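Source: prediction; values computed, not measured. Just so you know, residue 1 is the first one in the sequence shown, and it goes up from there. For ligands, and for the atoms within them, numbers begin at 1 and follow the listed sequence.
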Amino acid sequence: MTVLIILGTLVVLVVIYDVTQKRHAILRNFPIIGHFRYLLETIGPELRQYIVTSNDEERPFSRDQRRWIYASAKKENNYFGFGSDNEMELTSNYVIIKHSVMGVREKSGHAEENPDFPVPCAKVMGGPRGRAKAFRPASVVNISGMSFGSLSGAAVEAMNRGCAIAGCLQNTGEGGISPYHGHGGELIWRIGTGYFGARSPKGAFSLERFLEAVEANPVRAIEIKLSQGAKPGLGGLLPGAKVTSQIAAIRGVPVGKDVRSPSGHSEFSTPDEMLDFVEMLAEATGLPIGIKSAVGQHRFWEELANLMSDGRRGVDFITIDGGEGGTGAAPLSFSDHVAFPFKMAFGRVYGIFAETGVHERVVFIGSGKLGFPASGLMAFALGCDMINVGREAMMAVGCIQAQRCHTGHCPTGVATQNRWLMRGLDPTSKAARLANYVVTLRKELLQLSRACGVIHPGLLSSDHIEILNDHFGSSSVAELFGYRPEWGFPSPEDRRDIERIMADVP
Ligand SMILES: Cc1cc2nc3c(=O)[nH]c(=O)nc-3n(C[C@H](O)[C@H](O)[C@H](O)COP(=O)(O)O)c2cc1C
Ligand code: SF4
């Protein structure tokens, strides 16, 4: 009997500890049983010696990738011991980063001595088009668009606070700007086909509401969404049951009624009309204006680059999202088969802009599993100026890849509106984790760049990377993607500026 009482008391104490502590969302949401997850995580490597999968299995993100994010976010040891467990020579499309034998000589005052590892963008966003509020983004790593509604308020807030700490930008996603976006982090405001937060009662774009929102929030740039990699060409539906009074107020829609995002914009239907819309928004706000899209047919990109070639109109930035990109919910056929994966998608669009001679005027942003040092570096070698991280940022604030985002029952409180589950996610401690992850990624991008002999990832060329096939052969990125030697870099003036900035960073 005494033993039972002691055991019962212990269980009650553990439950109280679990639901009141703020470090682990899983324990807050699932007292007692949550411990099994941490136990399995701890003894997983030993167990896997005898059963189940390797460190590189599991998708979308392998165990190694997730471990790297969790350890980086917690500022724990993110090294891996004993050497690579990858089969380099037996794996096709294996990325090899070509280091320079001499590397880069250390300079005093270099960014690597600053604990924030600042790596600003090598281009000025909006600079070439002379936008009144052109600026140089302070971080080459930023948070990808994920709407409040798809993510919980607590997750959005954790990311916003984390962005403020790490000095990076948070993209709002097309769900509008919520109170959770107001915790110090600066924003890229996403305008989707629903024009949420900037729409008339009938669902058209409202310039008046748009300007009010820009005025009231720390918006640094506007991104018009054309599509996203996980579900290009598909409109969206937010069921009435999810349209709470808070979501209705933020999006500018009626409470409790289904909200449809059409698959196309009502303000434009051609690249020509889109550029007029872009210039109108830029004129009204002074902000840089960009687009986000996945890549399928080429025609749109060829027309856009041609229309920009006379220098009278243009987008300030282009975000290319790979078909492997994430989503809150999408039909499997769209996620699996519509749109090219990132490297092919980006290489094609960059090539079209470079052939037309307008690539140096655009800030190129990549997304699609790029939130790791090697895949991020590859994106820079292809000509990206910045990378956006979506699911990697979710993992930094606690996501465990349970892949239940579409059900509303996310166990970690990241992708749910359930109050109990959301309560598990403490925005303050998770903000620090998001910031640690972003800073660590910047640090390792910088270390890899320096190993290649350059002081900023934007200065990498397509020749810094080779791709192995599984027959002891390899091709350079330039050969595989048809890049010319001068492609993939910022303009000579931008190069000079970023070299000076990197050398001077205190
Ligand atoms: C839960 C979730 C919600 C998302 N919401 C949006 C959205 O509102 N708008 C959008 O354009 N992309 C959205 N995305 C896509 C991401 O912004 C990003 O483009 C994609 O996940 C690729 O980046 P990643 O591989 O780093 O996650 C969402 C992704 C996830 C996982
Ligand atoms: S449902 Fe799973 S995959 Fe989606 S955010 Fe939550 S923990 Fe992550």
Side-chain angles (χ1 to χ4, degrees), residues 25-26 29-30 34 37 58-61 65-66 69-70 141-152 154-156 158-159 170-176 178 188-194 196-197 223-232 234-236 238 251 261 290-295 319-330 334-335 339 341-342 345-346 365-372 375-376 379 387-418 421-422 424-425 430 437-438 441:
I26 284 284
N29 290 341
F30 302 99
R37 187 232 161 197
E58 298 184 10
R59 294 291 181 269
F61 298 97
Q65 288 177 314
R66 284 184 284 134
I69 292 177
Y70 297 141
V141 179
N142 297 287
I143 308 304
S144 204
M146 292 177 288
S147 308
F148 164 61
S150 173
L151 296 190
S152 65
V156 172
M159 289 186 192
Q170 180 182 28
N171 190 309
T172 61
E174 59 265 28
S178 71
I188 293 192
W189 184 16
R190 161 76 57 70
I191 305 288
T193 56
F196 297 127
E223 185 178 72
I224 300 168
K225 178 175 169 179
L226 303 178
S227 61
Q228 75 183 83
K231 47 178 178 180
L234 192 71
L238 189 64
R251 296 195 177 200
S261 299
I291 53 174
K292 169 177 179 171
S293 184
V295 178
T319 306
I320 296 294
D321 196 28
E324 65 274 65
T327 175
F334 275 78
S335 299
F342 173 76
F346 187 84
I365 306 173
S367 57
K369 297 171 78 169
L370 301 182
F372 304 93
S375 56
I387 53 173
N388 280 349
V389 292
R391 288 163 294 178
E392 300 88 327
M394 287 163 63
M395 287 190 266
V397 301
C399 158
I400 56 169
Q401 193 168 266
Q403 293 178 278
R404 295 175 68 192
C405 321
H406 59 294
T407 65
H409 301 304
C410 167
T412 59
V414 175
T416 179
Q417 302 301 314
N418 176 303
L421 295 172
M422 244 191 299
L425 198 161
K430 298 296 194 227
Y437 160 70
V438 170
L441 180 54

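Considering only non-hydrogen protein atoms, atom 9 (N) of ligand 1 sits nearest to E174 OE1, 2.7 Å. When only non-hydrogen protein atoms are considered, atom 6 (Fe) of ligand 2 lies nearest to C410 SG, 2.2 Å. In terms of protein heavy-atom proximity, atom 3 (S) of ligand 2 is closest to Q403 N, 3.1 Å. At the shortest separation from atom 5 (S) of ligand 2 among protein heavy atoms lies M394 CE, 3.4 Å. Of the protein's heavy atoms, G368 N, 3.6 Å lies nearest to atom 23 (O) of ligand 1. The closest protein non-hydrogen atom to atom 11 (O) of ligand 1 is R190 NH1, 2.6 Å. For atom 1 (C) of ligand 1, the nearest protein heavy atom (residue, atom name, distance) is S150 OG, 3.5 Å. Looking only at protein heavy atoms, the nearest one to atom 26 (O) of ligand 1 is E392 OE1, 2.4 Å. Ranking the protein heavy atoms by distance from atom 4 (Fe) of ligand 2 puts C405 SG, 2.2 Å first. For atom 2 (C) of ligand 1, the nearest non-hydrogen atom of the protein is G328 N, 3.5 Å. Atom 18 (C) of ligand 1 has as its closest protein heavy atom S144 OG, 3.3 Å. For atom 15 (C) of ligand 1, the nearest protein heavy atom (residue, atom name, distance) is G326 O, 3.2 Å.
Using 4.0 Å as the threshold, G371 has no heavy atom nearer than that to any atom of ligand 1. Taking 4.0 Å as the cut-off, E324 does not count as a neighbour of ligand 1 on heavy-atom distance.
Ion pair E174/K225 flagged as a salt bridge, since at least one NZ, NE, NH1 or NH2 atom sits closer than 4.0 Å to an Asp/Glu carboxylate oxygen.
Residue contacts with ligand 1, taken as heavy atom pairs separated by less than 4.0 Å, involve D321 solely via side-chain atoms from C-beta onward. Residue-level proximity to ligand 1 for Q228 is carried by the side chain, the only part with a heavy atom below 4.0 angstrom. Counting heavy atoms under 4.0 Å from ligand 2, residue Q401 touches it through the backbone alone.
A donor-acceptor pair is defined here as one N or O able to donate and one able to accept, closer than 3.5 Å; no such pair exists between the side chain of E324 and the backbone of A230. Between the T407 side chain and the H409 main chain, a donor and an acceptor come within less than 3.5 Å of each other.
Interface of K369 with ligand 1, defined as ligand atoms under 4.0 Å from a residue heavy atom, comprises 24 (P), 25 (O), 26 (O). The distance from ligand 1 to the heavy atoms of S367 drops below 4.0 Å at these ligand atoms: 19 (O). Listed by atom number, the atoms of ligand 2 under 4.0 Å from A415 heavy atoms are 5 (S). Under a 4.0 Å criterion applied to the non-hydrogen atoms of T412, ligand 2 contributes the atoms 6 (Fe), 7 (S). For ligand 1, the atoms sitting less than 4.0 Å from at least one non-hydrogen atom of S147 are 5 (N), 7 (C), 8 (O), numbered in the order shown with element in parentheses. Atoms of ligand 1 lying under 4.0 Å from at least one heavy atom of V389, given by number and element, are 26 (O).
For L151, no nitrogen or oxygen atom sits less than 3.5 Å from a nitrogen or oxygen atom of ligand 1, counting backbone and side chain alike. Some N or O of G145 is nearer than 3.5 Å to an N or O of ligand 1, by distance alone. Between M146 and ligand 1, a contact under 3.5 Å exists for no N or O pair.
Considering K231, K225, R391 only, the shortest heavy-atom separation from atom 27 (O) of ligand 1 involves R391.
For T416 and S152, the side-chain atoms include no donor-acceptor pair closer than 3.5 Å.
With contacts defined as side-chain heavy-atom distances shorter than 4.5 Å, the pair N171/N142 does not qualify. A heavy-atom distance below 4.5 Å is found between the side chains of I400 and Y70.
Contact annotation: C399 places an N, O or S atom under 2.8 Å from atom 8 (Fe) of ligand 2.
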